[in-house]
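Presented below is the structure to which this report refers.
Here is the naming used below: chain letters follow the sequence lines, and residue numbers restart at 1 for every chain. All values below come from the heavy atoms of this structure, side chains included, with hydrogens, waters and symmetry mates left out. Worth saying up front: this structure is predicted, and the values here are computed from it rather than measured.
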Amino acid sequence: MEKFEKLSGIAAPMPLVNIDTDMIIPKVFLKTIKRSGLGVNLFDEMRYDRQGNEIPDFVLNKPAYREAQILVAGDNFGCGSSREHAPWALADFGIKVVISTSFADIFFNNCFKNGMLPIVLPPEQVEVLMKDAEKGANARMEIDLEAQTVTASDGEVFHFEIDPFRKHCLLEGLDDIGLTLEKGAAIDTFEASASQARPWV
Amino acid sequence: MSPKTLYDKIWDAHVVDQSDDGTCLLYIDRHLVHEVTSPQAFEGLRMSNRKVRAPEKTIAVPDHNVPTTGDRDAKIENEESRIQVEALDKNARDFGLNYYPVNDIRQGIVHVVGPENGWTLPGMTVVCGDSHTATHGAFGSLAHGIGTSEVEHVLATQTLIQKKSKNMKVEITGKLRPGVTAKDITLSVIGRTGTAGGTGYVIEYCGEAIRDLSMEGRMTVCNMAIEGGARAGLIAPDEKTFDYVKGRTHAPKGAQWEAAMNWWKTLFSDDDAHWDKVITIKGEDIAPVVTWGTSPEDVLPITGVVPAPEDFKGGKIEAARRSIEYMGLTPGQKLSDIEIDTVFIGSCTNGRIEDLRAAAEILKGKKIKAGLRAMVVPGSGLVRAQAEEEGIAQVFKDAGFEWRLAGCSMCLAMNPDQLAEGERCASTSNRNFEGRQGYKGRTHLVSPAMAAAAALTGRLTDVRDMMTETA
Ligand code: SF4
């Protein structure tokens with residue numbers, strides 16, 4: 001997995017609450033058996049009309065935000081289906097960071113498995129960053145994972161919390177499976193004693 | 001020993017390893033796999049030359065993409081769907097998993113198939129690359145959805161890296177009123193807590209109204225825990241649970257059954273266990289409900305009216321405005337005046353035998369509104385067969401319903417069963433998101449009985465009116 005350290009990029013505002021994974025990547029695109037190539041269909045039903053033409057009002061279609069790498073979003077981002085196609089589509093489009101007051105559990109987990117950073121901040125701070133994002137392409141936000149900070153375009157700094165293990169994995173680009181396989185002996189031991197205690201499993 | 005919740009007990013029995021920061025490696029007893037969220041995981045295994053650690057604990061079934069009409073031995077017409085189902089076929093066989101192919105009578109929606117065949121048992125950890133894995137919590141098993149990277153992780157290691165959630169108790173006291181079902185309970189809870197109300201929690205549902213539910217009803221309640229944002233929903237196992245499980249193909253037998261029962265009977269929350277959050281709802285306060293918007297939290301009693309955006313606060317004002325427009329409704333409009341084009345009975349929420357019985361009860365001897373499209377999609381081939389045996393299938397057919405083959409179908413419309421633009425559906429599924437049942441389709445979530453009532457009148461209908469009629 002690619003390492004995540006720092007990012008300086010354009011942030012797109014999406015103030016809508018409860019943006020669900022069906023909106024992020026509609027199910028017609030789940031028929032793929034690959035992880036890549038989903039970026040063109042990110043937010044497909046909000047982004048294109050039925051003929052496939054871009055809807056100019058949609059934020060990621062606006063010239064200022066076509067290169068966005070950060071999304072500032074309304075509450076409860078990523079709710080609904082567990083589809084990892086949602087973070088895959090965001091990442092494939094180029095979004096590496098999503099900032100919101102809250103995330104749905106599975107989406108939140110899925111981000112870290114794909115080198116993406118979901119940042120939770122209190123409502124007042126998300127509001128400030130939402131306004132900042134509305135300024136367009138000249139307003140670049142900076143994310144520093146090591147320091148756990150988001151710096152708005154005017155220099156205001158916000159600190160965010162992150163689980164130390166997840167931070168470590170992101171910074172080092174570590175693969176979970178590799179890490180767990182190192183604990184193979186512990187799994188063997190557990191399996192042996194569990195099959196004594198609960199042989200029916 | 002300090003008092004524990006049911007969740008604490010199951011969790012503690014499955015910790016393989018714990019780091020200083022509380023991150024745990026949790027052992028997984030059952031891994032369910034379907035065709036949509038698994039291909040990339042198997043590809044990952046192959047690329048790194050890894051095996052499935054416990055194929056005997058891994059159960060695969062295609063459900064999301066499969067057509068629900070025609071011949072199950074024929075090739076799936078849609079090429080992408082076919083490739084996905086064929087990929088699951090190949091992966092299941094290459095890696096030696098327990099597998100129910102499309103033409104097996106036991107095939108069906110993964111969350112119906114697991115319990116039905118006795119794979120899901122009390123006290124287990126159960127995961128699947130699917131958010132409605134919460135369903136299995138009805139057995140007192142810790143069950144939740146995971147992403148595809150985690151699917152690969154479980155395939156390779158039979159474990160999951162997890163942090164413990166907080167404990168929430170949702171108690172439904174007393175009795176339900178006539179016409180009120182498990183679906184109304186679960187929707188009403190979400191209406192109360194919101195779709196993010198359960199974020200960070202595992203919910204245990206308890207109280208007399210929950211105890212009174214059948215296993216099918218309990219599965220309906222737990223199924224939608226995820227719609228309330230919770231990682232999982234749980235119900236402590238009791239005699240009903242044991243009766244349901246006993247004799248199923250993969251349930252323990254003989255001495256093992258006795259041993260299992262000894263443990264299962266300890267699976268309840270201790271009296272003085274600590275809860276981080278408690279919600280209590282009186283059963284008698286719950287009405288038959290419908291959703292009016294595009295989030296499962298947009299729940300109102302059928303006797304209500306479409307709200308106005310100004311009734312809400314904060315970001316929800318804009319979301320409600322968008323929902324009302326999308327749904328083509330007018331604030332103040334009576335919910336029971338909303339006309340529908342389609343009725344869908346099925347899904348992992350309400351595609352079990354009891355759900356079909358409840359709908360058939362309302363439909364018996366009647367005809368659906370002329371011009372309406374109505375379909376029943378049983379949750380599995382076995383449910384379908386049972387309904388045929390009980391004569392329920394005939395009730396549906398006589399009423400004018402299409403009687404389909406098992407699958408997810410119009411719950412998410414990945415197969416040909418879809419709403420057309422602007423079409424409105426009374427649906428027993430679990431998500432009313434924009435486009436969920438078809439591009440620009442409009443979904444109202446209801447119980448099976450309410451769906452049947454709507455099919456008869458052609459509009460959202462209070463099933464209690466029908467019940468006095470038939471009484
Ligand atoms: S029936 Fe619907 S919610 Fe259930 S697994 Fe299938 S698509 Fe998902």
_Classify the ring geometry of Trp264(B) against Trp200(A): parallel below 30°, tilted from 30° to 60°, perpendicular beyond 60°._
perpendicular

*Side chain from CB out, backbone as N, CA, C, O: work out which of these in Arg431(B) comes under 4.5 Å of a heavy atom of chain A, or both, or neither.*
side chain

*Less than 4.0 Å between a side-chain N and a carboxylate O, is that true for Arg140(A) and Asp132(A)?*
no

*Tell me, for Thr148(B) versus chain A, whether the close heavy atoms (under 4.5 Å) come from the side chain, the backbone, both or neither.*
both

_Which portion of Lys253(B) sits near chain A, non-hydrogen atoms under 4.5 angstrom_ = neither

*Using 4.0 Å as the upper bound for N to carboxylate O, is an ion pair formed by Lys34(A) and Glu43(B)?*
no

*asked:* Do the side chains of Glu152(B) and Arg35(A) get close enough for a salt bridge, i.e. N-O under 4.0 angstrom?
replied: yes

_Region of Ala230(B) that comes under 4.5 Å of a non-hydrogen atom in chain A_ = neither

*Partner chain B: residue of Thr32(A), Val17(A), Asp175(A), Ile177(A) with the largest heavy-atom pair count (under 4.5 Å)*: Ile177(A)

*Answer with side chain, backbone, both or neither: which region of Ile187(A) has an atom nearer than 4.5 Å to a non-hydrogen atom of chain B?*
both

*Going by residue number, which parts of residues 73-83 of chain A are within reach of chain B, meaning a heavy-atom gap below 4.5 Å?*
Asn76(A), Gly80(A), Ser81(A), Ser82(A), Arg83(A)

*Run the salt-bridge test on Lys440(B) and Glu434(B) with the 4.0 Å N-O cut-off and return the result as yes or no.*
no

*Would you give the length of the straight line joining atom CD1 of Ile70(A) to atom CG of Leu129(A), rounded to the nearest 0.5 angstrom?*
9.5 Å

*Using non-hydrogen atoms and a 4.5 Å limit, figure out which bit of Asp29(B) sits close to chain A: side chain, backbone, both or neither.*
both

_Please classify the contact of Asn78(B) with chain A as side chain, backbone, both or neither, using a heavy-atom distance under 4.5 Å._
side chain

_Asp44(A) versus chain B, the contacting section by heavy-atom distance below 4.5 Å_ = neither

*Can Glu54(A) and Arg66(A) be counted as an ion pair, charged N to O under 4.0 angstrom?*
yes

_Any residue of residues 91-110 of chain A which, by heavy atoms, sits under 4.5 Å from chain B_ = Phe103(A), Asp105(A), Ile106(A), Asn109(A), Asn110(A)

_Carboxylate-amine/guanidinium contact Arg321(B) Glu318(B), below 4.0 Å_ = yes

*Determine the option with the most heavy-atom pairs under 4.5 angstrom with chain A, choosing from Gln84(B), Gln40(B), Glu80(B).*
Gln40(B)

*With a 4.5 angstrom heavy-atom cut-off, which part of Met124(B) approaches chain A: side chain, backbone, both or neither?*
side chain

*Against chain A, label His14(B) side chain, backbone, both or neither, depending on which of its atoms sit under 4.5 Å from a heavy atom there.*
both

